[in-house]
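See structure below.
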Amino acid sequence: MDIKKIGIVGAGVMGGEIAFVATQAGFPVVLKDIERRFLDIGVANARQIYEFKVRRRRMSEDEMEQKLKLISVTLGYDELADADFIIEAVPENLDLKRRVFSELDAACSPGAILATNTSALSVSAIAEAVSRPERVAGMHFFNPVSMMRLVEVVRGARTSDKTMSSVCALAEAIGKSPVRCADSAGFIVNRLLCAAMLEAARCEREGLMSRADIDSALIKPDAGLPVGLFKMADQLGIDLIHKVMRILQDAFGDRFAPPEEVERLIASGHLGVKSGKGFYDYGKS
Ligand SMILES: NC(=O)c1ccc[n+]([C@@H]2O[C@H](COP(=O)([O-])OP(=O)(O)OC[C@H]3O[C@@H](n4cnc5c(N)ncnc54)[C@H](O)[C@@H]3O)[C@@H](O)[C@H]2O)c1
């Protein structure tokens with residue numbers, strides 16, 4: 001692995017957290033977004049995670065400020081020209097991701113690795129937008145990136161062995177645990193998670209058990225999930241879950257169609273924790 005500088009395109013929920021884990025490991029990072037206010041949010045997110053560590057006395061304020069100095073921000077592509085590794089974390093939309101990849105292709109060094117943090121889209125389809133698809137791989141972090149160690153490293157149809165090894169090595173260098181997987185909709189975790197969420201919704205609809213009971217059973221020590229399925233959907237965002245289920249439905253058929261409960265939440269703008277209400281009420285809407 002010869003990665004010295006990391007670019008992150010999209011300073012949202014994932015971009016800000018990825019900036020934290022990368023700078024924590026000592027990598028200089030350039031965050032790119034389309035408006036200054038989104039960059040501010042991304043940097044503020046990274047700062048918030050550092051401040052939590054300072055409060056817990058895991059790092060001094062000076063160390064935090066040194067780490068934060070590793071983050072620079074930009075609205076253009078010029079600052080990414082000398083990055084060895086760029087990860088895209090823009091919204092889950094194939095056309096948008098392809099546009100970003102074709103812009104990266106023109107702006108970045110020919111040796112740079114281009115990764116996508118897509119949750120469920122085809123890495124091969126995104127890689128079609130660039131002239132060097134062997135340099136493209138999926139690097140799927142989980143939310144919150146600062147706490148979740150797993151990273152799915154996805155091999156597209158033309159991803160080279162060297163690119164796969166470099167992405168896995170980078171994941172390890174920033175304290176993550178990579179698992180290699182094929183370029184199949186939803187990869188490993190989201191495919192299995194969506195299947196479980198759909199079944200949980202069916203159990204509740206059939207009147208067999210309440211959502212609170214389902215969630216509480218899954219987080220009992222022996223079941224081992226950190227959070228129940230309905231609560232997890234609220235935390236991830238009902239809009240993201242809906243999008244991922246639609247992608248899985250296109251790939252594998254109607255067994256993955258978003259359930260009516262999810263459609264209803266989307267129609268009424270209840271997107272989970274971020275909007276104050278989803279499967280549960282967070283008292284903000
Ligand atoms: N949120 C999650 O739980 C989660 C988990 C794993 C993977 N993902 C994936 O990560 C990606 C990003 O998700 P998110 O939740 O961080 O989204 P988000 O909406 O919080 O952030 C996306 C950011 O991208 C910016 N953006 C939009 N167009 C851009 C462009 N052309 N150039 C640069 N920036 C642009 C937006 O302004 C925004 O700041 C998606 O593909 C999503 O599926 C999300």
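In each ligand, atom 1 is the first atom listed, and ligand 1 is the first ligand listed.
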Shell of residues surrounding ligand 1, defined by a 4.0 angstrom heavy-atom cut-off that is strict | Val9, Gly10, Ala11, Gly12, Val13, Met14, Lys32, Asp33, Ile34, Phe38, Ala89, Val90, Pro91, Glu92, Leu96, Lys97, Val100, Asn117, Thr118, Ser119, His140, Phe141, Asn143, Leu236, Leu240

Any side-chain donor paired with an acceptor under 3.5 Å for Glu88 and Asn117?
-> no

For Leu96, the side-chain contact (heavy atoms from CB on, under 4.5 Å) test, sequence neighbours excluded, returns Val90, Pro91, Asn93, Arg99, Val100

So, is the end of the Lys231 side chain (NZ or CZ) under 6.0 Å from the ring centre of Tyr280 and within 45° of the ring's axis?
-> yes

Taking only residues two or more places apart in sequence or in another chain, which ones pass side-chain contact (heavy atoms from CB on, under 4.5 Å) with Ala233?
-> Met197, Ile238, Ile241, Phe279

Inter- and intrachain pairs under salt bridge (Lys or Arg N to Asp or Glu O under 4.0 Å), touching residues 57-78, at least two apart | Arg47-Glu65

Taking the side chain as every heavy atom from C-beta outward, state whether Glu199 and Leu229 have any pair of such atoms under 4.5 Å apart.
-> no

